[in-house]
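The structure appears right after this line, and notes come after that.
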Amino acid sequence: MNRTLTTSDHFKELVKANEPPLDSEVTAFFASLADVQEKVAKAKSNEDRTSLEQTVVQYKTVLHPMRRLPLDVLGEIFSSVVAQSVEHYETYIYDENYDIPSFATDVNNVQRLPVAWILSWVCVRWRAVCLALPLLWRHVFVSFRQSRMYVCSQATLSYWELLLQRSKAIPLDVVLEQVPYRPSQESDSHPILALLIPTASRWRRLTLATTSGSNQGLLKEIQSSFPSLQFLHIITVQITRPALPTGLMGVSASAIAGKEVRLSGLWDPDILGVPWSEVTSLRLDCICWPLAVLRQADRVKKLTLQSPLFPQLELNRESPITLPSVETLEISGWELDAGLLALLIMPKLHRLIVATIAQLRVSHLVSAFSVHGLPSLRFLDLKLEYISDELCRLLERIPTLEELYLWECRDICDTFLHNFLHDSQPEHGSAPFLPNLTVLEFREVSEHTVFKLELMARVIRYRSGAPQGDDVDATVSAVQGASGMVKLKRGRIEVANFEGGRWKSTWNFLDFP
């Protein structure tokens, strides 16, 4: 029986291909595999053992679980792999060293080919699955960094034609880098754009990176196709960052399905006419704050502000801006613009994340939120070099806070830490400090705080109700029960070495639980 199985034409075909065995063959193959493995153990000569081991490898290859996965399961796996591989392209991450977009799509480089192509080359079965799933071919990434001769070659054009054919009628996610757009009436209009523009009605997501505002004329040509667009990211990679030409006035007005908008390097993004009242996620990285845009952002739930190098002046003359739906506010860039934040009224703000390049001062936070406050804040993440008494006073005004993350602290005042411990003393009759706090993490704190580490650890143990000795655990639990103060569910102290202006290695001093 074994000889018949291993020498049959079908078995030989299975060894050479990637097809699954028939259900009726699986049991017999497993029995034969066990028999051959037993013979390997009893083999007397190296030659016999080598031959039998090769047979074992063949059986294991034919019986590998990956071969026998149902096609629909295989398709789900492929879809997940493709989605993960393109995620960083869609978000369009900047290179930290050169301030230019870091991705490129060199179609002659196998490592940068879309994953769907690579998967389709593995075997006939995988190829059939890939070709049957148009979703795998929806991602279009075109970089015009290469020479015109290469980008306009027949091989490159054939590549994109084939990809568009395989995507069928599925909505497309398009990333265009350094677009050399020219009006359609010019004879040297780019061949790839001529190929892609007719598919604009299928564009679900569009990231458009250009070296000047005038090159965004591509938007003018496809504006009638915007109703299906859900994600729009426009980037101008140019130091001067000129104003958009008036010819683009209202060019994005038809993007009524747009839910997520990211604008980088634009002087006056409101000229695009995006239906801001429909947007739910908005990222602004502008040379000056587009207040007209913010005043229309009624449905934005996530707002990200990339602060400009020079804060805008005379904002105190502007009237307040109400953002009734904002739940998450992320601030990055050069420094926190307290003047802008003082204008914003965000009654539903739950999450605040501040990670600026310049040193963040607590006084800026106090100034930013002194007028309208943070009545609903539950999550606070700060990159804060020095923690002073001022932070205590700010946090005392946020009793709803549940999670507090403090990054890259070089010095932490004792008063701040003792405030957490003071609540645990029975004779303390005032309201507890941050009574609803469930998470407290000190991340990448400087090694210069080494003399405060034990005190920081004591704070986490106190607030978590962990055993301290001398019946402290019982005391803390009694005080927590009487005051309504909840216990910490998670606490962490992570220490980092700071050398040459950069954070080096990190190690956990405490990680609870």
Side-chain angles (χ1 to χ4, degrees), residues 82-96 98-107 112-116 135 137-146 151 160 163-164 167 170-181 190 192-193 195-197 199-223 225-238 241 244 248 251-252 254-255 257-266 269 272-276 279-286 293 302 304 306 330 332:
V82 170
Q84 293 178 29
S85 70
V86 302
E87 184 177 8
H88 61 291
Y89 291 128
E90 289 193 343
T91 52
Y92 207 94
I93 303 300
Y94 276 81
D95 187 296
E96 296 179 355
Y98 299 101
D99 193 31
I100 60 174
S102 60
F103 83 89
T105 49
D106 304 328
V107 295
R112 294 189 179 223
L113 275 173
V115 174
L135 283 173
W137 308 93
R138 76 183 319 169
H139 307 284
V140 179
F141 308 119
V142 184
S143 173
F144 294 89
R145 292 188 180 190
Q146 293 86 8
V151 178
W160 292 114
L163 183 140
L164 293 175
S167 67
I170 292 296
L172 300 174
D173 297 343
V174 180
V175 178
L176 304 176
E177 181 193 19
Q178 295 191 7
V179 180
Y181 175 79
H190 203 287
I192 287 186
L193 291 180
L195 181 66
L196 292 177
I197 287 175
T199 69
S201 60
R202 295 167 50 197
W203 293 4
R204 183 187 67 138
R205 302 171 67 90
L206 171 62
T207 295
L208 176 62
T210 65
T211 54
S212 68
S214 60
N215 279 347
Q216 289 162 4
L218 174 65
L219 297 175
K220 189 75 173 177
E221 187 160 346
I222 62 176
Q223 62 177 314
S225 303
F226 272 174
S228 60
L229 202 65
Q230 300 176 21
F231 172 96
L232 176 63
H233 189 182
I234 301 178
I235 309 159
T236 296
V237 187
Q238 187 170 348
R241 297 185 175 184
L244 291 173
L248 294 181
V251 71
S252 303
S254 62
K259 299 301 179 184
E260 185 174 356
V261 176
R262 302 177 184 181
L263 304 175
S264 306
L266 304 184
L272 297 174
V274 174
W276 306 107
V279 175
T280 57
S281 179
L282 177 61
R283 179 186 177 95
L284 297 174
D285 172 15
C286 305
V293 170
K302 181 179 180 181
T304 303
Q306 182 88 13
E330 296 184 9
S332 57

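Note that the numbering runs from 1 along the sequence shown for the chain.
- Note that CG of L232 and OG1 of T207 are 8.0 Å apart. Values are rounded to the nearest 0.5 Å.
- For the residue pair R283/S264, the side-chain donor-acceptor check at 3.5 Å is not satisfied.
- Aromatic ring pairs are classed by plane angle as parallel below 30°, tilted from 30° to 60° and perpendicular above 60°; the pair H139 and F141 is parallel.
- The minimum heavy-atom distance linking W137 with L163 is given by the pair O-CD2, 3.4 Å.
- When side chains are defined from C-beta on, L172 counts as touching L164, because their heavy atoms get closer than 4.5 Å.
- The CG atom of L196 sits 6.5 Å away from atom CG of L176, with the distance rounded to the nearest 0.5 Å.
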Item to complete: Dump the intermediate steps for side-chain contact (heavy atoms from CB on, under 4.5 Å) on W160 and I192, then the final yes or no.
Response: CA-CA 8 Å; W160 292 114; I192 287 186; 3.8 Å; yes
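- With T280 contributing its side chain and K259 its backbone, the two residues share a donor-acceptor pair below 3.5 Å.
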Worksheet item: Does the pair V274 and V279 meet the rule for a side-chain contact (heavy atoms from CB on, under 4.5 Å), with working shown?
Response: CA-CA 9 Å; V274 174; V279 175; 4.2 Å; yes
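- Considering OG of S167 and CG of D173, their distance stands at 10.5 Å, rounded to 0.5 Å.
- For E330, there are no side-chain hydrogen bond (donor to acceptor under 3.5 Å, both in side chains) partners at least two apart in sequence or on another chain.
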Fill in: side-chain contact (heavy atoms from CB on, under 4.5 Å) assessment of Q306 paired with T304
CA-CA 7 Å; Q306 182 88 13; T304 303; 5.6 Å; no
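- Listed by chain and number, the residues in a side-chain hydrogen bond (donor to acceptor under 3.5 Å, both in side chains) with T199 are W203 (sequence neighbours excluded).
- Remark: the backbone N or O of I170 is not paired with any side-chain donor or acceptor of R138 at under 3.5 angstrom.
- The line from CZ of R262 to CG of D285 is 12.0 Å long, rounded to the nearest 0.5 Å.
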